[in-house]
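Numbers restart at 1 for each chain; the letters A, B, ... are given by sequence-line order, proteins then strands. Below, all heavy atoms of this structure are taken into account, side chains as well, without hydrogens, waters or symmetry copies. Here the structure is a predicted model, which is why all the values come from computation and not from measurement.
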2 protein chains.
Amino acid sequence: MDGRTTRQRLAVMRALADCEDFVSAQALHNLLVENGIRVGLTTVYRALRDLEASGGADVVRDDAGERLYRTRPADGHRHYLLCRACGRSRPVDSAIVEEWAGRIAASTGYAAMEHTVELTGICTTCQPSGEEGEPPCRLERAPDTQGRARNCVS
Amino acid sequence: MDGRTTRQRLAVMRALADCEDFVSAQALHNLLVENGIRVGLTTVYRALRDLEASGGADVVRDDAGERLYRTRPADGHRHYLLCRACGRSRPVDSAIVEEWAGRIAASTGYAAMEHTVELTGICTTCQPSGEEGEPPCRLERAPDTQGRARNCVS
DNA sequence: TATGGACATGGATTTCATTTTCATCTAGAT
DNA sequence: ATCTAGATGAAAATGAAATCCATGTCCATA
């Protein structure tokens, strides 16, 4: 499944595992470089793609369609609830959804069914007092490349 | 909700409704132009974005992250099962999933919950005899032979 | 009917994540 | 140590979507 074990691939896997939340390929690449690990952006993209293919990582897309990766926990969880404000994610129990998808597959005769389930919301920590006007902090692409510290603590 | 009612917006809405399946902004633009309706690509993008915002259309993303739009049926269905081979889509009953999402919101305290559910598979018509190798790839409603790669991604 | 300004259009330009290319390097089997 | 399929990465290409901005159009008001 995994290709050859190289310094770079190892580094990517470790960095991703340290994140515990969803990160973009570019963010991860930045992290690596900032930590003095020389890796090409291309390689990070490839490593993540392969990780996804081999089931070692889960992927979601943010509002901009950008791919965000997260190491798949040992228990095999695949579905997450993530906060649109801080970006933090937590696995959710999706057995019900799996069954539901299975039933649909059976009743329609569709083969090779795949499903994507994404839950987003504003976590309790990020909730202002009132409504959802403009949450405190946004995760997405910030004008400056600095403040992203929020994403990953390595 | 909707902006002003212009010739172009009407055309986009009509074309989308005629499709009955998910189409990309560009494919829709091609359709319109090929039918002699002069509309700018920019306008199609905007019309679709606005339609989505006002709940008049549902959106999914294909493997490439491209947005595909479909008119929202009158019954308010929001979730679909679509064939990865021919691109055809059918609404599915997702009440169970809605409930499930609601429960999760309640138990986690997350606010402003949103969910995305996407089901894909190979419909009975597109199923070869054996495995999922290279499905037949139906041409369906996209006239020219260009953008087809989109719909036929396996 | 005229008019002014808010809203809409669309071709061109820009952005930006991701992919491709290709010359070079390396893991790992023999 | 040698060999080679597989891996790397800088640069360039791709392509969807957003943005610009000059121009066009709707519509409430005078």
Value in whole Å for how far the [atom2] atom of [N] lies from [atom1] of [X]:
X: A/Glu66; N: D/dA18; atom1: CD; atom2: C1'; result: 15 Å
X: A/Arg67; N: D/dG15; atom1: CZ; atom2: C1'; result: 14 Å
X: A/Arg38; N: C/dT24; atom1: CZ; atom2: P; result: 16 Å
X: A/Leu10; N: D/dT8; atom1: CG; atom2: P; result: 10 Å
X: A/Asn30; N: C/dC16; atom1: CG; atom2: P; result: 14 Å
X: A/Tyr45; N: D/dA13; atom1: OH; atom2: P; result: 18 Å
X: B/Gln26; N: D/dG15; atom1: CD; atom2: C1'; result: 8 Å
X: A/Leu41; N: D/dA11; atom1: CG; atom2: P; result: 13 Å

Looking only at side-chain N and O atoms, does [X] come under 4.0 Å of OP1 or OP2 in [N]?
X: A/Thr6; N: C/dT26; answer: no
X: A/Thr42; N: C/dT19; answer: no
X: A/Gln8; N: D/dG9; answer: yes
X: A/Arg9; N: D/dA7; answer: yes

_5' priority, DNA chain D, between B/Arg46 and B/Arg7 [closest heavy atom]_ =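 Checking each residue's closest nucleotide, the 5'-ward one belongs to B/Arg46.
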*Could you check A/Thr43 against B/Arg61 and say which one's nearest nucleotide on DNA chain D is further toward the 5' end?*
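That would be A/Thr43.
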*Considering only heavy atoms from C-beta outward, does the side chain of B/Trp100 approach that of A/Leu119 to under 4.5 Å?*
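The answer is yes, as the side chains (C-beta and beyond) meet within the 4.5 Å cut-off.
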*Just compare D/dA5, D/dT8, C/dA6 and give me whichever is closest to any side-chain atom of A/Arg4.*
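Selected nucleotide (nearest to the side chain): D/dA5.
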*asked:* Can you confirm whether the side chains of A/Tyr110 and B/Gln127 place a donor and an acceptor under 3.5 Å from each other?
replied: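 Their side chains do not contain a donor-acceptor pair, so the 3.5 Å distance test is not met.
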*Do side-chain atoms of B/Arg84 reach the backbone of A/Ala112 as a donor and acceptor pair under 3.5 angstrom?*
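At least one qualifying donor-acceptor pair exists.
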*asked:* Tell me if the centroids of the rings in A/His79 and A/His115 come within less than 6.0 Å of each other.
replied: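 Ring centres of A/His115 and A/His79 closer than 6.0 Å.
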*Which value, rounded to the nearest 0.5 Å, describes the distance between A/Arg88 atom CZ and A/Cys126 atom SG?*
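Here the rounded value is 7.5 Å.
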*Describe the nucleic acid contact of A/Ser24 in one word from base, sugar-phosphate, nothing, applying a heavy-atom distance below 4.0 Å.*
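No contact at all - A/Ser24 keeps every heavy atom at 4.0 Å or more from the nucleic acid.
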